[in-house]
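Below you'll find the structure, written out as C-alpha cells, and then a few comments.
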There are 2 protein chains.
Amino acid sequence: MNKMHKEHNLSKNQQIIFDIINKSPEPLKAYTILFNVQKKGIKAPLQVYRALDKLVEIGKIHKIESRNAFIACHNSSCQVAKATAFSICEICEKVTEISSAGLSKYLANFKDKDGMKYSKYNLEFFGLCKKCR
Amino acid sequence: MNKMHKEHNLSKNQQIIFDIINKSPEPLKAYTILFNVQKKGIKAPLQVYRALDKLVEIGKIHKIESRNAFIACHNSSCQVAKATAFSICEICEKVTEISSAGLSKYLANFKDKDGMKYSKYNLEFFGLCKKCR
DNA sequence: AACGCTGTGTAATAATATAACATTAATAAG
DNA sequence: CTTATTAATGTTATATTATTACACAGCGTT
Ligand SMILES: [Zn+2]
Ligand SMILES: [Zn+2]
Ligand SMILES: [Zn+2]
Ligand SMILES: [Zn+2]
C-alpha cells in the first residue's frame, strides 16, 4: 500500500488522518477529524483515536494537551517527538510549534532537585499572537 | 464564613474541594472528587468544575493537563499560578510540582523567533521517579 | 429598592476517550 | 508455501470528562 521508503509507512487510516491534520492550519480535535473523514469510510471514534495514537507515537503529529487537539509536526518530522514546545494564542487559539535549539537543550538537560533527568517533556506557552495584540 | 485575612476567602464548595485535593498525595480527577464530596452535599459535576475553575484561577491548585487531574499548589500558594512545571512518573503516575528558580527564570524570559514573550506557561516533564527506576 | 456580582442547585446534554470482541492484512519464520 | 506473530481494521457499546441552560440566594453598592 504505497511503498515509498519514507521514515514510516503509514497505514491507510493513518495516512488519511495524517493528511487532514497536516493540511489544517489549526489544531484539529478528534471528533472534528472524525466528521471530516466519514466520507472516506472511517466511521467510528476508535478508528480515529487509534490512528492518532500511532501518529503521536512516531512523532508525525503532536497533541496539544491543554486543547485536546492535534497538530502536525513541522520540525522536519520531529526527531524530538518526546520534547515538544508550543505557543498558543489565548484569543485566536493559533498554535505554533516552537523549535529553539537553546530551549530544547536547556530542557533536555534540566535536572530537578533530586538530580532527576527526564526522558520527555511537553511545554505550552500562552500569550497573544502578533495579530491579537 | 471564615474571615481570616488570607489571600483569598474560599467559598463553602471551594473550601471543601480544596481540602480534599490538598490532602491527597496524588492528583485527583474531577469525578473522583465528586464521588468523595457527595456526602458533603455536593452532588453535581458542575459544582465540582466551578470550584476547580476558581481554585485554578487563584492559583491554589493546578491542572495536570496530560492527566486531566488536579493537584494543590505547594509553592507557598503559587505566586506563579501562571508558570507551572511538573514532573510525572510514567509508571506510578506520581506528580511533583517543580520549583526551580533557574527554570522559571529561563522560561519567563524565553522569547521565540518573533521576539514574542509569553505571559504564561505550563511544562510537564515525564520520566521515572526514584522508586520506579 | 434596584443593581451587579459571585456563588449555588439541578437537570440535561455535549465532548472526549476507551473496552471488548471479531476479523483481516502485513511480516517474519520455519 | 505454511504457519505464527504482530499490526491494523471494523463495529458496538460504554466510560470519562466537561459544558449549557435556567432558576435562585447572598451580599455589597447606589
Ligand atoms: Zn514536532
Ligand atoms: Zn491570536
Ligand atoms: Zn504552584
Ligand atoms: Zn514512579
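Just so it is clear, the values below take in all heavy atoms, side chains as well, and ignore hydrogens, waters and symmetry mates. Chain identifiers are assigned alphabetically (A, B, ...) following the order of the sequence lines, protein sequences preceding nucleic acid strands; residue numbering begins at 1 within each chain.
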task: Indicate whether OP1 or OP2 belonging to D:dG10 is found under 4.0 Å from a side-chain N or O atom of A:Lys12.
output: yes

field: A:Asp19: partners by side-chain hydrogen bond (donor to acceptor under 3.5 Å, both in side chains), with sequence neighbours left out
entry: A:Gln15

query: How far does the helix from C:dA1-D:dT30 to C:dG30-D:dC1 bend, going by the axes of its first and last five pairs, to the nearest 10°?
result: 30°

Hey, can you pull the donor-acceptor pairs under 3.5 Å for the side chains in residues 122-129 of chain B, sequence neighbours left out?
residue, atom, partner, partner atom, Å
B:Asn122, OD1, B:Thr84, OG1, 2.7
B:Asn122, ND2, B:Glu124, OE2, 3.1
B:Glu124, OE1, B:Ser66, N, 3.3
B:Glu124, OE1, B:Ser66, OG, 2.6
B:Glu124, OE2, B:Glu65, N, 2.8

field: Residue-phosphate contact under 4.0 Å: B:Asn13 side-chain N/O, C:dG9 OP1/OP2
entry: yes

message: Measuring from atom CZ of B:Phe70 to atom CD1 of B:Ile33, what distance do you get when rounded to the nearest 0.5 angstrom?
response: 6.5 Å

- prompt: What are the residues of residues 27-52 of chain B, sorted by number, that bring a heavy atom to within less than 4.0 Å of DNA chain D?
  reply: B:Lys29, B:Tyr31, B:Leu46, B:Tyr49

Partner set under side chain to side chain contact (heavy atoms under 4.5 Å, CB included) for A:Asp112, not counting sequence neighbours: A:Phe110, A:Asp114, A:Met116, A:Tyr118

statement: In whole angstroms, the gap separating C1' of C:dT6 from CD1 of B:Ile58 amounts to 13 Å

query: In whole angstroms, how far is the P atom of C:dA17 from the CZ atom of A:Phe70?
result: 6 Å

- prompt: Residues two or more places apart in sequence or in another chain: which of them pass side-chain hydrogen bond (donor to acceptor under 3.5 Å, both in side chains) with B:Glu26?
  reply: none

statement: Residues at least two apart in sequence or cross-chain that pass side chain to side chain contact (heavy atoms under 4.5 Å, CB included) with A:Lys105, listed by chain then number, are A:Asn109

Which atom pairs, one a donor and one an acceptor, fall under 3.5 Å between side chains of residues 40-52 of chain A and the rest of the protein, sequence neighbours left out?
residue, atom, partner, partner atom, Å
A:Gln47, OE1, A:Lys43, N, 2.9
A:Gln47, OE1, A:Ala44, N, 2.9

Phosphate-side-chain proximity, B:Asn68 and C:dT16, N/O vs OP1/OP2 below 4.0 Å: no

statement: By side-chain hydrogen bond (donor to acceptor under 3.5 Å, both in side chains), A:Glu93 pairs with (sequence neighbours left out) A:Arg67

statement: In whole angstroms, the gap separating P of C:dT8 from NZ of B:Lys54 amounts to 10 Å

message: When you measure from the side-chain N and O atoms of A:Ser11 to the phosphate of D:dA7, is any distance below 4.0 Å, counting only OP1 and OP2?
response: no

Minimum-distance nucleotide (side-chain atoms of A:Lys63 versus D:dA18, D:dG10, C:dA17): C:dA17

- prompt: Distance only, no hydrogens: is a donor on one side chain within 3.5 Å (strictly under) of an acceptor on the other, for A:Ser99 and B:Lys113?
  reply: yes

- prompt: B:Ile17 has an atom CD1; how far is it from atom C1' of C:dG9, in whole Å?
  reply: 13 Å

